[in-house]
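Chain letters run A, B, ... following the sequence lines, proteins first and then strands; every chain starts at 1. None of these values were measured; they are calculated from a predicted model.
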There are 2 protein chains.
Amino acid sequence: MTNKAIRDKLKGKGLKVTPQRIAVFEAASILKNHPSAENIIDYIRKFYPNVATATVYKVLDTFISHNLLRRVETERGVMRYDPITENHHHIYCADSNRIEDYFNEELNNLLIDYFNKKKIPGFHIEDMKLHIIGRFTGNR
Amino acid sequence: MTNKAIRDKLKGKGLKVTPQRIAVFEAASILKNHPSAENIIDYIRKFYPNVATATVYKVLDTFISHNLLRRVETERGVMRYDPITENHHHIYCADSNRIEDYFNEELNNLLIDYFNKKKIPGFHIEDMKLHIIGRFTGNR
DNA sequence: CTATATGCAAATCATTTGCAACCAG
DNA sequence: CTGGTTGCAAATGATTTGCATATAG
């Protein structure tokens, strides 16, 4: 994502454009394994050594609440971030912290159709995410 | 789950049966909203006021590694625990910390069939969990 | 008996808060 | 200008660690 595209994303949400915000969004997009705040901070500091840790956390929170980033659900106490806000699923490696995106329109439709037929009483579904857990076999 | 059943579960895994372990497993089963460690500690202390915080965390880790409990994936930095280790899904309330179990054999089969047809290249699936996110409407 | 589990206090790690200085609009 | 944003340092909260003591098998 270009610098200009990031500026436009921020403006589109009515957010002030700051170098720190651009850097955080850029880092979240470039770092491919659904980075943690720490990953993002380490990456940014290579270029802006004086960015404050707390600033990055505040920027991340701002982005979450404006739907520019999503949090990735994990079983561990470290938050991970996802620059893709459209509905998609995740492939979790059972023996590393690797998490890959899984896009599949057919699967989405299958799930939507299923729950249209078989409703959950007393519950209104807004989103569904499949967690696919397993092991990577060889190189992909 | 009866006290005896818990003892048998522990013995079945070759674990020593201690009052603390029984209490932790009992609490995790009785507390219905996929309790956090803190929830479990608070509950246990009503009956065993001198149980150490660290002991509960150690017991939880032991249970996780022996597959007597599962961790529940969340977007927040607090671990939650699930006494049900068989495959099932979770319903997440979008505006509270409520998480309900969702059992559905038909859905499991639908997913298994789907991924038998449409494999993920370079990945071997071991488990799938659907996160159903939305809002509870009225009482259930 | 002996290895393992517990309790306690201190340590760690991720994240948050408070506040003065700064800067985008 | 001015309110939202940043940097810093200190606070918080959940979880972990180290070690002496206790206890299950």
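If you check distances only, the side chain of B/Lys58 does reach the base of C/dG7 with a donor-acceptor pair under 3.5 Å.
Under the salt bridge (charged side-chain N to carboxylate O under 4.0 Å, His left out) criterion, no residue pair touches residues 38-56 of chain B, with sequence neighbours excluded.
Heavy-atom distances to DNA chain C give each of B/Thr53 and A/Arg7 a nearest nucleotide, and the one nearer the 5′ end belongs to B/Thr53. DNA chain C is contacted by both B/Gln20 and B/Arg76; B/Gln20 maps to the nucleotide lying nearer its 5′ end (nearest heavy atom per residue).
Side chains of A/Asn97 and A/His34: a donor-acceptor N/O pair is absent below 3.5 angstrom, by distance only. Between the side chains of B/Glu100 and B/His90, no donor N or O sits under 3.5 Å from an acceptor N or O.
Using a 4.0 Å heavy-atom criterion, one finds that A/Thr55 contacts the bases of the nucleic acid, with or without backbone contacts as well.
For D/dT6, the OP1/OP2 oxygens have a side-chain nitrogen or oxygen of A/Thr18 closer than 4.0 Å. Considering only side-chain N and O atoms, A/Tyr57 lies under 4.0 angstrom from the phosphate OP1 or OP2 of C/dT15.
The nearest whole Å value for the distance from the CD atom in A/Glu38 to the P atom in C/dC13 is 9 Å. For the pair B/Tyr48 OH and C/dC8 P, the interatomic distance rounds to 16 Å; values are reported in whole Å. The nearest whole Å value for the distance from the CG atom in B/Asn39 to the C1' atom in D/dG13 is 14 Å.
A salt bridge does not link B/Arg71 to B/Asp82: none of the charged side-chain nitrogens sits closer than 4.0 Å to a carboxylate oxygen.
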